[in-house]
Amino acid sequence: MMKKDENDLRKNIKVIPAVKEELHHLNQQLKAELKTESAVIAYLLKMHQDFEDTLTFKQHRQYIRASQEMHDAKV
């Protein structure tokens, strides 16, 4: 078992299998530049920050609906 670094304050994020699978898939696509799922999440957060002001309400609703469907998926 890997020893946890006492300075490592990261928390494990618990996600359902369907979301974890999509995160893993995205990680595989971006693997050349982003080595970890944490880096992929940081990438997605930055994308959201850069584009949140240009999203239309309709697009926002579509993303919310899609995320709810992914979360509700049974894997």
Side-chain angles (χ1 to χ4, degrees):
M1 182 161 79
M2 219 167 110
K3 182 180 175 195
K4 183 176 178 183
D5 181 347
E6 62 190 38
N7 296 320
D8 185 354
L9 302 176
R10 294 176 294 184
K11 302 281 184 201
N12 285 334
I13 297 174
K14 294 182 175 149
V15 297
I16 63 170
V19 173
K20 180 74 172 173
E21 173 123 358
E22 289 299 321
L23 179 59
H24 179 73
H25 178 68
L26 186 55
N27 186 305
Q28 292 302 308
Q29 290 181 320
L30 299 172
K31 196 172 190 172
E33 298 170 303
L34 302 174
K35 303 296 184 197
T36 65
E37 289 178 347
S38 180
V40 173
I41 291 169
Y43 170 85
L44 294 171
L45 289 170
K46 181 59 179 154
M47 268 180 55
H48 178 266
Q49 289 171 351
D50 288 350
F51 292 103
E52 68 182 328
D53 291 336
T54 60
L55 282 176
T56 66
F57 182 74
K58 182 179 179 181
Q59 289 170 318
H60 170 73
R61 294 307 315 155
Q62 289 171 333
Y63 288 129
I64 293 294
R65 193 175 317 110
S67 69
Q68 289 170 337
E69 288 171 2
M70 183 184 299
H71 183 268
D72 293 341
K74 304 290 184 207
V75 174

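Counting from 1, the numbers follow the sequence of the chain as shown.
Once rounded to the nearest 0.5 Å, the distance linking CG of L44 with CG of L23 reads 7.5 Å. With rounding to the nearest 0.5 Å, the separation of CE in M70 from CG in D72 is 11.0 Å.
Annotation for N27 and L34: closest pair OD1-O, 4.1 Å, computed over non-hydrogen atoms.
In terms of the side chain to side chain contact (heavy atoms under 4.5 Å, CB included) criterion, residue partners of I16 (sequence neighbours excluded) are, by chain and number, A18, V19, H71. A42 is linked by a side chain to side chain contact (heavy atoms under 4.5 Å, CB included) to nothing, counting only residues two or more places apart in sequence or in another chain.
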Acceptor/donor pairs from residues 45-54 side chains to any protein atom, 3.5 angstrom cut, sequence neighbours excluded:
unit_1 : atom_1 : unit_2 : atom_2 : d
K46    : NZ     : D50    : OD1    : 2.9
T54    : OG1    : F51    : O      : 3.0

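Evaluation of the side chain to side chain donor-acceptor pair (under 3.5 Å) test over residues 59-70, restricted to residues two or more places apart or in two chains, returns T56-Q59. Under the salt bridge (charged side-chain N to carboxylate O under 4.0 Å, His left out) criterion, the residue pairs touching residues 23-42 are K20-E37, with sequence neighbours excluded.
Follow the hydrophobic side-chain contacts under 4.5 Å out from I41 and you never reach V15; the two are in separate clusters.
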